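Structure first, then comments.
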Amino acid sequence: MKIASWNVNSVKVRLPHLVAFLEDAKPDVLCLQETKCLADEFPRLELAALGYRVETLGQRAYNGVALLSREPARDIVCGLPGFADEQARYLEASFGAAAGEVRVASAYIPNGNPVGPDNSTGDLSDKFTYKLAWMERLVGHARELLRREIPFVLAGDYNVCPTDEDVYDPPAWRDDALCRIETRSRFRALIHLGLTDAYRAFHPEPHRYTFWDYQAGRWNRDEGLRIDHLLLSPQAADRVAACEIDKGPRGKERASDHTPIWCELAV
DNA sequence: ATGTCGCGTGAAACGCGA
């Protein structure tokens, strides 16, 4: 089972690239983030023509997540369980039958910038504390999923650079919400539960990125960040056969600022 | 390079989020 994740930064604008990726990579499940469209406006017909079903938690203008799949999704969960969230950032479902069952989540973790302090009190900003609270609930939910002892993949745009090796210019990004120690410690909490960073399991080399800012020629200079991740439960890690970043879509005209990442599970 | 996108508003250029 091939599972991919991609922050498309508007599914309507990126539809031609999305179609090309599905035809080229042929994932069984594709997790999308930043679809930026309501469920009723999702381009379902074009995707159905390729044999893909759509489940989505949509929102106007911002956020929005989706699960595209060849087989129907089961036991769909909309929103991060136990977290009252006005923003469309989490969708989870099961795919595959019997021994081949895999639970897959498409997550869009808050950016969290600016970190703050944003007033005279010296407190961290509301955006950053929202990010940290969101991540803490994700840790709690991952712990709940682990109790089921089934393979699962937490996929998505984490807005986290796990280490300085995932950043083109660590000093410049040190105080950014994507690199702050509070952010990294919550990502490590997921790892410490026993989850596997699928990309790192196959690729120890530094400076491999999934995101390049639109500004300042970052793509042409390969100055990016590794912020899109596939975290595998132990049962999924036992089955993972490959994990790659597909840089192709980022190099196209009118590209998303993120590029897809995928893994293959032997099920 | 203070450098770019996508979206909503509302009918062009701006604010927001990233």
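None of the values given here were measured: they were computed from a predicted structure. Note on naming: letters A, B, ... go to the chains in the order of the sequence lines (proteins, then strands), and numbering restarts at 1 for each one.
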Nearest-angstrom distance, C1' atom, B:dC7 to B:dA12
15 Å
Go through the steps for A:R221 and A:Y168 under the test side-chain hydrogen bond (donor to acceptor under 3.5 Å, both in side chains), then give the verdict. CA-CA 10 Å; A:R221 299 168 189 231; A:Y168 69 93; over 6 Å; no
A:W212 atom CH2 is separated from B:dA18 atom P, nearest whole Å, by 20 Å
To the nearest angstrom, the NZ-C1' distance between A:K127 and B:dG17 comes to 6 Å
When rounded to whole Å, the CG to P distance for the pair A:D126 and B:dG17 reads 12 Å
Here the pair of heavy atoms bringing A:I109 nearest to A:N159 is O-ND2, 2.8 Å
Readout for nucleotides 1-10 of chain B: B = base within 4.0 Å of protein heavy atom, S = sugar-phosphate only, - = neither; 5' to 3' it is --BBSSSSS-
Here the distance between atom P of B:dA18 and atom CG of A:N63, to the nearest Å, is 7 Å
Ion pair present between A:E264 and A:K2, side-chain N to carboxylate O less than 4.0 angstrom? no
A:D228 atom CG is separated from B:dA18 atom P, nearest whole Å, by 15 Å
Tracing side-chain contacts under 4.5 Å among Ile, Leu, Val, Met, Phe, Trp and Tyr outward from A:V77 reaches none
Residues at least two apart in sequence or cross-chain that pass ring-ring contact (aromatic ring centres under 6.0 Å, His included) with A:H229, listed by chain then number, are A:Y158, A:F187
| field | Rounded distance in Å between the P positions of B:dG10 and B:dC16 | value | 15 Å
Notebook entry, point to check: If you look at every strand shown and take non-hydrogen atoms under 4.0 Å, does A:F211 touch a base, only sugar-phosphate, or nothing?
Noted result: nothing
I'd like the C1' distance from B:dG3 over to B:dA18, given in whole Å.
15 Å
Discussion item. Between A:R137 and A:P81 (side chain of the first, backbone of the second, donor and acceptor by atom type, cut-off under 3.5 Å), is there such a pair?
Written reply: yes
When the P atoms of B:dG15 and B:dA11 are considered, how many whole Å apart are they? 16 Å
